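Worksheet: one structure, shown below.
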Protein chains: 4
Amino acid sequence: MKKLSRKEREYRTRREEILKAAESVFAQKGFHNSTVAEIAKESEFAIGTIYQFFKNKEELYYIMMIEKFDLLYSTLLTGVGKNIKCSEKLLCLVEIVFAFIEGNVDFFKVFTWELNVLNSNMNNRLKDQLVAKHFAYIKLISDTIKEGFQEGVLKKGNADDLSTALVGMMNIFSFNWIYNQRQDSPKSKAPIIVNLFLNGAIRGN
Amino acid sequence: MKKLSRKEREYRTRREEILKAAESVFAQKGFHNSTVAEIAKESEFAIGTIYQFFKNKEELYYIMMIEKFDLLYSTLLTGVGKNIKCSEKLLCLVEIVFAFIEGNVDFFKVFTWELNVLNSNMNNRLKDQLVAKHFAYIKLISDTIKEGFQEGVLKKGNADDLSTALVGMMNIFSFNWIYNQRQDSPKSKAPIIVNLFLNGAIRGN
Amino acid sequence: MKKLSRKEREYRTRREEILKAAESVFAQKGFHNSTVAEIAKESEFAIGTIYQFFKNKEELYYIMMIEKFDLLYSTLLTGVGKNIKCSEKLLCLVEIVFAFIEGNVDFFKVFTWELNVLNSNMNNRLKDQLVAKHFAYIKLISDTIKEGFQEGVLKKGNADDLSTALVGMMNIFSFNWIYNQRQDSPKSKAPIIVNLFLNGAIRGN
Amino acid sequence: MKKLSRKEREYRTRREEILKAAESVFAQKGFHNSTVAEIAKESEFAIGTIYQFFKNKEELYYIMMIEKFDLLYSTLLTGVGKNIKCSEKLLCLVEIVFAFIEGNVDFFKVFTWELNVLNSNMNNRLKDQLVAKHFAYIKLISDTIKEGFQEGVLKKGNADDLSTALVGMMNIFSFNWIYNQRQDSPKSKAPIIVNLFLNGAIRGN
DNA sequence: AATGAATGAGTCTTCATTCAT
DNA sequence: GATGAATGAAGACTCATTCAT
């Protein structure tokens, strides 16, 4: 661990401050609606100073993301390593991720899709309509799960949590397929997902 | 079902064509990097014509989304209704969603986060770095699952699918908490998720 | 006076209706903020129909103005001719012009300067400020006139009317000079104006 | 009088330059036919720079007007104050206004009505026709005044000047009535105007 | 090294005019 | 002759980036 000069230490501190400001601004407005001027103001540096630390807005965005991911990753690595049994490791892993998210809401908000970021004052009605459609879709699933409770085939539990979990799985497989050429088609994954959802991953079920 | 005049039919057709073009353009570039001029060109109409059908770019975006959601929803409703058993319904549901996504890649791409939409020619290296971080994170999870195979506690299967599914569940609970005030904190959901992942939803496990 | 065919008569009627609508719309919003679509709607004709009667928006504007001027002129000609003495003629003339204006407010509004026509919701404060400056200017003049009352040199009367009249004379000489090359400079007209204002046009004063 | 920093002084200078350019461009083309790009070019600044000094085109317009008015007003105030007798004050006042107008032709042109501002290459014939109508109207008045010369009731003088003055008075009373609810109807002002025109404001006439 | 004023390319949106029906 | 949907040129305004101080 090299000892840093005062210059170097100050440089790092400023850089961190800018990254923090960027995270906050990007989280509130998304990439496209955030201006470099805002980030400058939030960080209490001049616009030009931002450009001394980062080549451009896009680089600032990427580096902020990468560093956050790094932090999450190293936290996970240490945390998970403290457990021995697989099931304990998994629980620990999920807990660390969630704790990280609760402690870095701004960062996670940056992942938001563009929709959430439209200025839409005028189109609030349309936005509400879209949200309503989404809820109807979720409700269809949770209603099906409630039927499973009635039918006696599913353990009684929170139907919303279960439907949320199922949707989460569907979404991620869809994304992966869309943005990764090599992935199998989602359709082929359907039985796997439903099977996992119903029987779980543990041997013996 | 009222019979539509030729005028009305033509109007609808044109509107559909614009919506299709918008879907395609928005999917490729995201909302902010798409220009109305591009949508006009793609749809083979003049710029001004777009504005005869939609008040502005934002409205075009929302309406495109809403109509797609409507279509998915009604397809689901009919499809799921044909089954009786809960587990069959769920499989059917997942299959319909996946079939819809495979048939509407453009639409689904629109949901993408802004990151995927940056012009980044310059910053491709950074983007790759970020993707690498993400894969390392996923790998940590799938490695843990592979340990579960070794340990004999988990049914042998595709570790990538399982880790993907787990991440999908974590993500969606995080999103819901971030964008919904009333939701319980993710941390409290950790045991539920891990339990579902391990034991499944079926009664008796 | 040729007798007109029905066709011809209908043509004239439609034309009048369009001109009337144009007058009303132009008066409310000025030339630049009026759209042909609005004039079409006001006149209850289609946009295309407007263009059957007038080559373009500008021509519609000019012809509307010209026809109104014609009407005023012929009204004046008949009215003034009924008097014999010059002073009666002048009074009659002023009265006819004023009656015409009161009966054709819309038309006269069209003469407005662009200032009155700005959309300025945002800039209302600035507009008010400008109006205030103008009033200060007028007040300076009427105060000077009031001093004349005190001094005993001016017949007691309405200082506002007198200052308004003076400003009206100054304005018109300025305009004429600005838009007519050949006119004498306003400066040379100053004594004439002040003399007329003080002594009037009648012989003997 | 605070001493200004170099920065502040430079800022003011640039601002003045933009205002001067705006005055010139607006004077030539009117508000609506002037583009911000033209003003930028005329002032030798970039478009964006204009927006650093003024929120938008409209604000630029208003502020330019207000500052000119301020200048005229303060010039008047000092100038008129140097005289004691009312009639001298009035003459001085008129002379200052006229001198100001001669020195600020651009500014005064800005007051122009929209008519003068139409692009009318195509419609020059119509514009000429309209101007002709206007002259006919003026001529009617000046002819009446000439009759007054013949009749011996009016002091011999320049009939054009007299008719111009009369029209100026009529116009301003009409404007004030149209744009000020509370004002008396023009018709009621007719005798006042004619009386002023004939007898002047001086006591004893 | 830090600053922030200046830059101008880029984009949404409007609206006069045309022309196929 | 009447219609009004389609057109696309034009213009206000924004904001990432530069560079002189």
Side-chain angles (χ1 to χ4, degrees), chain A residues 7 10-11 14 31-41 44-61 119, chain B residues 6-7 10-11 14-15 18 32-41 43-60 119, chain C residues 7 10-11 14 31-41 44-61 119, chain D residues 6-7 10-11 14-15 18 32-41 43-60 119:
Chain A
K7 276 252 161 140
E10 280 182 7
Y11 177 88
R14 291 183 209 285
F31 179 81
H32 283 100
N33 289 315
S34 301
T35 68
V36 176
E38 273 171 310
I39 294 169
K41 199 171 184 193
E44 294 177 274
F45 286 103
I47 294 175
T49 310
I50 307 286
Y51 282 86
Q52 305 244 310
F53 287 85
F54 304 93
K55 207 168 64 203
N56 53 34
K57 187 182 166 188
E58 206 171 329
E59 183 169 304
L60 176 54
Y61 184 78
N119 296 329
Chain B
R6 186 177 55 73
K7 274 256 163 128
E10 280 181 5
Y11 177 88
R14 292 181 209 284
R15 194 171 171 285
I18 293 171
H32 284 100
N33 289 314
S34 302
T35 67
V36 175
E38 275 172 309
I39 294 170
K41 200 171 183 191
S43 65
E44 296 177 274
F45 286 103
I47 293 174
T49 309
I50 308 289
Y51 283 86
Q52 300 231 314
F53 287 84
F54 303 94
K55 207 170 62 204
N56 53 34
K57 187 183 164 187
E58 204 171 332
E59 184 168 306
L60 176 52
N119 296 326
Chain C
K7 278 252 163 143
E10 279 181 6
Y11 177 88
R14 293 182 209 282
F31 180 80
H32 283 100
N33 290 314
S34 301
T35 67
V36 176
E38 274 172 310
I39 295 170
K41 198 170 183 192
E44 295 178 274
F45 286 103
I47 294 174
T49 310
I50 308 286
Y51 281 86
Q52 305 245 311
F53 287 85
F54 304 94
K55 205 168 65 204
N56 52 34
K57 187 182 164 188
E58 205 171 330
E59 183 168 305
L60 175 53
Y61 183 80
N119 296 330
Chain D
R6 185 178 54 76
K7 273 256 163 126
E10 280 181 7
Y11 176 88
R14 292 180 208 287
R15 193 172 171 283
I18 293 170
H32 282 100
N33 290 314
S34 301
T35 68
V36 175
E38 274 172 310
I39 295 169
K41 199 169 182 191
S43 64
E44 295 177 276
F45 286 103
I47 294 175
T49 309
I50 308 289
Y51 283 87
Q52 299 230 316
F53 288 84
F54 303 93
K55 207 169 64 207
N56 51 36
K57 188 182 163 188
E58 205 170 329
E59 184 168 305
L60 176 53
N119 296 327

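Naming convention: chains lettered A, B, ... in sequence-line order (proteins, then strands); numbering from 1 in each chain. Note that the structure is a prediction, hence the values are computed from the model and not measured.
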- Item | Which residues share a ring-ring contact (aromatic ring centres under 6.0 Å, His included) with D:Phe45, sequence neighbours left out | none
- Task: Name the closest nucleotide to the A:Val36 side chain, picking from F:dT7, E:dT7, F:dA16.
- Result: F:dA16
- When rounded to the nearest 0.5 angstrom, what is the spacing between CD1 in B:Ile50 and NZ in B:Lys57? 12.5 Å
- Query: If you pin D:Glu44 and C:Ser34 to their nearest nucleotides in DNA chain E, which one's is more 5'?
  - Reply: D:Glu44
- Message: Using a 4.0 Å heavy-atom cut-off, does B:Tyr11 contact any base of the nucleic acid, only the sugar-phosphate backbone, or nothing at all?
- Response: nothing
- Assign D:Thr49 to base, sugar-phosphate, or nothing according to its heavy-atom contacts below 4.0 angstrom with the strands shown. base
- Between C:Phe53 and C:Tyr11, does the ring centroid distance fall short of 6.0 Å? yes
- Taking a pair as Watson-Crick (N1 to N3 plus N6-O4 or O6-N4) or G-U wobble (N1-O2 and O6-N3), both under 3.5 Å, which stems of 3 or more consecutive pairs involve DNA chain E? E:2-21 with F:2-21
- Which nucleotide in the set F:dT17, E:dT17, E:dT13 lies at the smallest distance from any side-chain heavy atom of A:Asn56? F:dT17
- At under 4.0 Å, does any side-chain N or O of A:Arg14 touch on OP1 or OP2 of E:dA2? yes
- Query: Once you round to the nearest 0.5 Å, how far does CG of B:Leu60 lie from NZ of B:Lys55?
  - Reply: 12.5 Å
- Query: Looking only at heavy atoms, what is the nearest atom pair of B:Ile18 and B:Ser43, with distance?
  - Reply: CA-CB, 4.1 Å
Is there any protein nitrogen or oxygen under 3.5 Å from a nitrogen or oxygen in nucleotides 18-21 of chain E, and what are the pairs?
none

- Between B:Glu59 and B:Asn56, is any pair of side-chain heavy atoms under 4.5 Å apart? yes
- Task: For B:Phe54, report the nucleic acid contact type (base, sugar-phosphate, nothing); a contact means any heavy atom under 4.0 Å.
- Result: nothing
- Task: Please report the shortest heavy-atom distance between D:Asn33 and D:Glu38, naming the atom on each side.
- Result: O-OE1, 3.7 Å
- Item | Nucleotide nearest B:Ala46 (side chain, heavy atoms from C-beta), chosen from F:dG8, F:dT17, F:dC13 | F:dG8
- Query: Picking from E:dC12, F:dA6, F:dG4, which would you name as closest to the side chain of B:Thr35?
  - Reply: E:dC12
